[in-house]
Amino acid sequence: MPEYPEVTVVCQSLSKLLLGKKINNCELLSEKFAKNSSVKDFEEFFNNKTFKKINNTGKFIEFIFDDKSRAIVHLRMEGKFFIRKTSDLEKYRFKHDHIYFHLGNDETLAYNDSRGFGSFETISKENKLSVKEIKNLANLPKDVDIDYLYKKLQNTTRSIKTILLDQKLVLGIGNIYADETLFASKIFPMEKAKNLSKAQLKTLMDNAQRIMDESIKLGGSTVHSYQSVNGIDGKFQQRLKVYGRAKLNCLECGSFVKKVKLDFKQNGRGTSYCPNCQNEK
DNA sequence: CCGTAATCCTGGGCGC
DNA sequence: TGCGCCCAGGATTACG
């Protein structure tokens with residue numbers, strides 16, 4: 001599932017493929033992907049706009065157009081982009097294609113999402129204020145203010161992994177990189193966040209940033225189903241040390257890697273860790 | 001205000 | 001081989 005590294009790779013790929021190109025015609029095939037507009041308004045919004053810049057704030061993608069209007073896109077778990085031949089669309093009827101941006105020259109940018117959790121929010125050029133989803137987001141780990149974070153955590157009973165996943169406290173980390181960061185930092189995922197020292201928080205931020213930067217260089221992690229634009233796999237999954245390694249031997253100490261539900265709750269996220277290296281009491 | 005649970009949804013893997 | 005079940009999980013909403 002795309003987290004900060006994967007979304008960053010997607011934006012890099014899209015930039016190479018799309019900057020300077022114009023959307024001749026937009027087709028929204030399923031209305032639910034338009035977060036804040038009708039089908040007609042959504043399609044008209046994109047028509048005749050040229051891609052000026054494509055970047056991401058954490059897991060949120062921002063398309064900036066030549067007229068200074070913008071679109072905020074979130075891929076959630078399965079959202080993917082493909083450049084397809086316009087002439088193939090009728091022929092193949094690609095399953096789970098939800099939006100087409102026809103670019104001319106037999107090229108169409110397709111948004112494909114098998115689970116349909118992704119979203120597109122359009123922002124007119126008049127609206128200069130940042131949308132609320134983005135403006136409330138925290139900084140990437142390297143820019144997190146440790147003193148501020150430490151203070152915030154003194155008033156909560158939440159576990160440290162829950163904190164790492166909270167985009168309003170640290171930006172970009174999802175389930176895979178949370179587990180990897182905690183393993184690298186030798187910290188038990190269910191440790192109460194308030195029990196950690198500033199030095200431990202600093203270690204967590206350093207490791208999170210280092211691991212995610214390394215992942216970006218390898219094109220992200222392809223586990224379950226993530227692929228960047230046009231179906232390209234990442235390679236960082238080969239470097240993962242605990243995620244997806246339940247019941248295998250820990251690469252550091254040889255103990256068995258455990259997998260439990262986060263905070264041992266029924267609906268908790270899958271959480272993999274080494275009970276020996278990460279000091280389970 | 002805070003923490004937690006439910007919600008959205010489909011494909012893949014597994015046991016029988 | 002096929003059926004049913006469970007799992008994957010980011011962000012938002014609802015609720016106590």
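Hydrogens, waters and symmetry mates are skipped; everything else that's a heavy atom, side chains included, is used. We name chains A, B, ... by the order of the sequence lines, and we start the count at 1 in each one.
Put simply, CD1 on A/Ile176 is 18 Å from P on C/dC7, counting in whole angstrom units. Put simply, CD1 on A/Ile173 is 12 Å from P on C/dG10, counting in whole angstrom units. Taking atom CG of A/Asp166 as the reference point, atom P of C/dG10 lies 12 Å away to the nearest angstrom. To the nearest angstrom, P of B/dC2 lies 11 Å from CD1 of A/Ile163.
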Dump the pairs, protein N or O against N or O of nucleotides 14-16 of chain C, anything under 3.5 Å, distances to one decimal.
none

What does the list of N/O pairs under 3.5 Å between the protein and nucleotides 3-5 of chain B look like, with a distance for each?
| residue | atom | partner | partner atom | Å |
| --- | --- | --- | --- | --- |
| B/dG3 | OP1 | A/Thr156 | OG1 | 2.6 |
| B/dG3 | OP1 | A/Thr157 | N | 3.3 |

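The phosphate of B/dT10 has neither OP1 nor OP2 within less than 4.0 Å of any side-chain N or O from A/His96. In this model, the phosphate group of C/dG9 is approached by a side-chain N or O of A/Tyr243 to a distance below 4.0 Å at OP1 or OP2. Remark: A/Gln167 is in phosphate contact with C/dA11, judged by side-chain N or O atoms under 4.0 Å from OP1 or OP2. Checking the phosphate oxygens (OP1, OP2) of C/dA11, no side-chain nitrogen or oxygen of A/Lys168 falls inside 4.0 Å. The phosphate of C/dA8 (OP1 or OP2) has a side-chain N or O of A/Lys261 nearer than 4.0 angstrom.
Side-chain proximity of A/Lys35 to C/dT12, C/dA8, B/dC9: nearest is C/dT12.
A distance below 6.0 Å separates the ring centres of A/Tyr111 and A/Phe120. Under the 6.0 Å cut-off for aromatic ring centres, A/Tyr177 and A/Tyr4 do not qualify, their centroids lying 6.0 Å or more apart.
For A/Asp263, the side-chain contact (heavy atoms from CB on, under 4.5 Å) partners two or more places apart in sequence, or in a different chain, are A/Ser159, A/Thr162, A/Met190, A/Lys265.
The residue A/Glu78 sits apart from the nucleic acid: no heavy atom pair falls under 4.0 Å. Among the atoms of the strands shown, none is found under 4.0 Å from any heavy atom of A/Tyr4.
For A/Lys49 and A/Phe45, the positive end sits near the middle of the six-membered ring, less than 6.0 Å away and at most 45° from its axis.
Using a cut-off of 4.0 Å between Lys/Arg side-chain N and Asp/Glu carboxylate O, A/Lys91 and A/Asp88 are scored as salt-bridged. Under a 4.0 Å N-O distance rule, the pair A/Lys80/A/Glu78 qualifies as a salt bridge.
In the interface, the side chain of A/Arg269 is not paired with the base of C/dA8 through any donor and acceptor atom under 3.5 Å apart.
A side chain to side chain donor-acceptor pair (under 3.5 Å) with A/Glu107 holds for exactly one of A/Arg84, A/Lys21, A/Lys85; it is A/Lys21.
Taking both residues in full, the closest heavy atoms of A/Cys274 and A/Val242 are given as N-CG1, 4.3 Å, listed atom of the first, atom of the second, then distance.
Around OH of A/Tyr148, the count of heavy atoms belonging to other residues, nucleotides or ligands within 6.0 Å does not exceed 12.
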